[in-house]
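Working notes, structure below.
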Amino acid sequence: MNLNEIKPENFIENIVLEDLKNGKVNYVQTRQPPEPSGYLHIGHVRNIMLNYGIAKKFNGVCNLRFDDTNPTKEKQEFVDAIQEDVHWLGFDFKNVYYATDYFQQNYEIAIKLIKEGKAYVCDLSPEELSQTRGTLTQPGTNSPYRNRTVEENLTLFEKMKNGEFPAGKCCLRAKIDMSSPNINMRDPVIYRIQYNTHQRIGNTWNIYPSYDFSHPLDDALEGVTHSICGLEFEDHRPLYNWVVENSGIANHPQQIEYSNLMIKGVIIGKRHIKRFVAEGKISGFDDPRVYTLRGLRRRGVLPQSLLEFSKAASVSKTTTVCEMDFFEHFVREDLNKISKRVMAVLTPIKLIIENYEKDEEDIILEDYPQNENTTTRIYKFGKELYIDSDDFRKTPEPKFHRLLIGNKVRLKGAYVIEVTHFDEDENGNVTCIYANYDPNTKSGTANANNVKVKSTIHWLNVKHSQPIEARLFENLTLESEIQNGDYVFNPNSLIIKHGYIESGLNLSFDERYQFLRNGYYCLDKDTTNDLPVFNRTVTLKDSKKK
RNA sequence: UGGGGUGUCGCCAAGUGGUAAGGCACAAGACUUUGACUCUUGCAUGCGUAGGUUCAAAUCCUGCCACCCCAGCCA
């Protein structure tokens, strides 16, 4: 999907931006505000599209703004990675800003608030503060420091800024209402002391504004008209408005919340991914089994598929948990159009065509059958072939219509064959299959369809095949809901197959491949040995049944 | 038990007083050099629930139920 095709109207309808619907507003400015504390994942795509698309639609701009107000969690590594990933998706933001850009202005507004008696320095320890905040059902109690004089607050805040207090000694709080039923309004902390070195501004500041203070201010300062965020911030909206209203800034952005997008069972949380990396169960944030953008990219997913998926998932305020099939549908749709069809056998077993007398024979295969102008290539048919052992059954299950004694099957691009007999070892494992072919059934010839078959299987000429390694990723998903308050995941989801692929192919990292019936693959960029290594993106639609 | 949200097919989701769009999944059939793709057909007498208003209700009103979020000097 081209970015120009993003149609945010639907989104706008959904999130009930009344003014926009009514045509009262014709300019919208948004921002994409990631905290650089982790990698972007599939859930971020829709947020990016939404912010970018709405601004574009309504003559405005969307800036990328890093919410970098907490140096204990953030790293330059993430700042860089987020920008890379955003570009990979195809977005080019007007400007790249940082919350730290606004620290001086944030500070001046804090001073203004103090002077107006709307903020005070509180010496309560974090524990005491927590205790006096009250509970969900009981109001909080006023801090004993709530009524300090403006002069005292100014002095204390200045000392905080100058690094004269240890971290945690005191903080700046907005003076709102300790008895509010909304806990966020019970004198929230808007500045805290923080001595960690910041990845961008080093040690220039000893005090850091909290999200609830800097975010609305930065939105307002930047000219944002609509501040779109997750549902978890609904309770923060009154505070957002309070901050903007008391800031003296003319621009008053409107915060709009909507549901985050999830996929059933998929691990997205940084917490879990970090844990699996630490436990050595996955290789990192780009492991193809996790749904970070980097993981998905390495797995072979195209950015336009992510955009299509996100668009189709729509936007609402209901809890959105899509099924895996819904996501994979969009991945397959794109991959099907552009993938190069290649013959591969992942669990090889020999097939001898007993009545085949010739040495070799040219078979014409289409590289991209979905493309009218597809190129073709020649492959060699012969007497001694590899097929996938999974395509044969001694005793077939119901509805199995690939190879079994007495059943006719087409070898892709070649002939219809019928199994005559097979060899097996002392354990009953099939070691070699023997078949006869029908010379009148060659694909593409006039009478190719005289014999109807229910299935076509892939094959390789033993003399014209090269070894490969195929990594089949099962999705890293929730194995069971919740146990002892924690999630239980299934990280043992990597299956490695040593098989064969056609020899003579010019393999490319930019290409996607479809191994017939096995799904869509791409070369793994981390390949270090000489053997081509393929990662499977998704399976073909029906191949997972069987 | 306080506050804020959400409830339309297995999943996502339109619908905003005029008699339930669409996509995914699923099922059946056609086609076939992939059991793919493509095509055709089917799939909510029902909109959390109980009442009420109305000629007419998923849409308006009232009660109830279920689920999610909030008590970081995180975002």
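Everything numeric in this text was worked out from a predicted model, so none of it was measured.
- Contact annotation: A:H458 side-chain N/O to B:U34 OP1/OP2 distance is not under 4.0 Å.
- A cation-pi geometry, defined here as NZ or CZ lying under 6.0 Å from the six-membered ring centre and within 45° of its normal, does not hold between A:K412 and A:W459.
- Taking the nucleotide of RNA chain B with the nearest heavy atom to each of A:F515 and A:E35, the more 5' of the two is matched to A:F515.
- Between A:R31 and A:S227, the side chains place a donor N or O and an acceptor N or O closer than 3.5 Å (distance only, hydrogens not considered).
- Side-chain atoms of A:S455 never come within 3.5 Å of backbone atoms of A:R402 as a donor-acceptor pair (strictly under, hydrogens ignored).
- Shown here, B:A25 forms no base pair; nothing in the strands shown gives a Watson-Crick or G-U wobble contact with both key distances under 3.5 Å.
- Of the nucleotides present, none pairs with B:A36 by Watson-Crick or G-U wobble criteria with both distances under 3.5 Å.
- The side-chain tip of A:R200 points at the ring of A:Y98 from less than 6.0 angstrom away and within 45° of straight on.
- Regarding A:K311, its NZ atom lies at a distance of 15 Å from the C1' atom of B:A14, rounded to whole Å.
- Between A:Y208 and A:H198, the angle of the ring planes stays under 30°, which puts this pair in the parallel group of the 30/60° scheme.
- Between A:D542 atom CG and B:A27 atom P the separation is 8 Å, expressed in whole Å.
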Distances for protein N/O vs nucleotides 64-71 of chain B N/O pairs under 3.5 angstrom?
{"unit_1": "B:A71", "atom_1": "O2'", "unit_2": "A:R133", "atom_2": "NE", "d": "3.3"}

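- Comparing the P positions of B:G22 and B:A36 gives an interatomic distance of 24 Å, to the nearest angstrom.
- Between the side chains of A:E128 and A:S125, at least one donor N or O sits under 3.5 Å from an acceptor N or O.
- Taking only side-chain nitrogens and oxygens, A:S314 never comes nearer than 4.0 Å to OP1 or OP2 of B:C12.
- Around NZ of A:K118, the count of heavy atoms belonging to other residues, nucleotides or ligands within 6.0 Å exceeds 12.
- Using a 4.0 Å heavy-atom criterion, one finds that A:F400 contacts the bases of the nucleic acid, with or without backbone contacts as well.
- When the C1' atom is compared between B:G7 and B:A50, the two are found 16 Å apart, to the nearest whole Å.
- Here B:G29 is in the anti range [glycosidic angle more than 90° from 0].
- Side-chain nitrogen and oxygen atoms of A:R192 include at least one within less than 4.0 Å of the OP1 or OP2 phosphate oxygen of B:A75.
- Residue-level contact check: A:H401 touches the bases, meaning some heavy atom is under 4.0 Å from a base atom.
- Side-chain contact, A:H401 with A:N407: no donor N or O sits under 3.5 Å from an acceptor N or O.
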Item to complete: Could you run through nucleotides 28-33 of chain B and give me one letter per nucleotide, 5' to 3': B if any protein heavy atom sits under 4.0 Å from the base, S if only the sugar-phosphate is that close, - if neither?
Response: S---SB

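- Close to B:A25, at under 4.0 Å from its OP1 or OP2, lies a side-chain N or O of A:K541.
- Across B:A58 and B:A14, the matching C1' atoms stand 12 Å from one another, rounded to whole Å.
- The salt bridge (Lys or Arg N to Asp or Glu O under 4.0 Å) check on A:K380 picks up A:D362, with sequence neighbours excluded.
- Side-chain contact annotation: A:Y386 with A:N461, donor-acceptor N/O pair under 3.5 Å absent.
- When rounded to the nearest whole Å, the span between NZ of A:K317 and C1' of B:U16 equals 16 Å.
- B:G4 shows a glycosidic angle more than 90° from 0 and is accordingly assigned anti.
- Both A:T69 and A:N336 lie close to RNA chain B; mapped to their nearest nucleotides by heavy-atom distance, the more 5′-ward contact belongs to A:N336.
- No hydrogens or angles were tested; on distance alone, a donor-acceptor pair under 3.5 Å links the side chain of A:E323 to the base of B:G10.
- At the phosphate of B:G3, neither OP1 nor OP2 sits under 4.0 Å from any side-chain N or O atom of A:T137.
- Distance check on atom C1': B:G2 versus B:G42 gives 50 Å, rounded to whole Å.
- Residue A:S210 is classed as a sugar-phosphate contact, given heavy-atom separations below 4.0 Å to backbone atoms only.
- For the pair A:Y208 OH and B:C73 C1', the computed distance is 14 Å after rounding to whole Å.
- A distance-only check finds no donor-acceptor pair linking the side chain of A:N336 to the backbone of A:R332 [under 3.5 Å].
- When rounded to the nearest whole Å, the span between OH of A:Y145 and P of B:C73 equals 16 Å.
- Rounded to a whole angstrom, the distance from the P atom of B:U54 to that of B:A66 is 32 Å.
- For the C1' atoms, the distance from B:G17 to B:G52 is 16 Å, rounded to whole Å.
- Remark: the separation of the P atoms in B:G23 and B:U1 is 42 Å, to the nearest Å.
- No cation-pi contact links A:K270 to A:Y39, judged by a cut-off of 6.0 Å to the six-membered ring centre and 45° from its axis.
- For B:C67, the paired nucleotide is B:G5, the pair qualifying as Watson-Crick or G-U wobble because both relevant distances are below 3.5 Å.
- With C1' as the reference atom, B:U38 and B:C31 are 8 Å apart, rounded to whole Å.
- Rounded to whole angstrom, the span from the CZ atom of A:F327 across to the C1' atom of B:A25 amounts to 16 Å.
- Rounding to whole angstrom units, CZ of residue A:R186 and P of B:G3 are separated by 12 Å.
- In terms of phosphate contacts, A:T318 brings a side-chain nitrogen or oxygen within less than 4.0 Å of OP1 or OP2 of B:A13.
- If you check every strand for non-hydrogen atoms under 4.0 Å, A:L411 touches nothing.
- Atom CD of A:E257 and atom P of B:A75 are 18 Å apart (whole Å).
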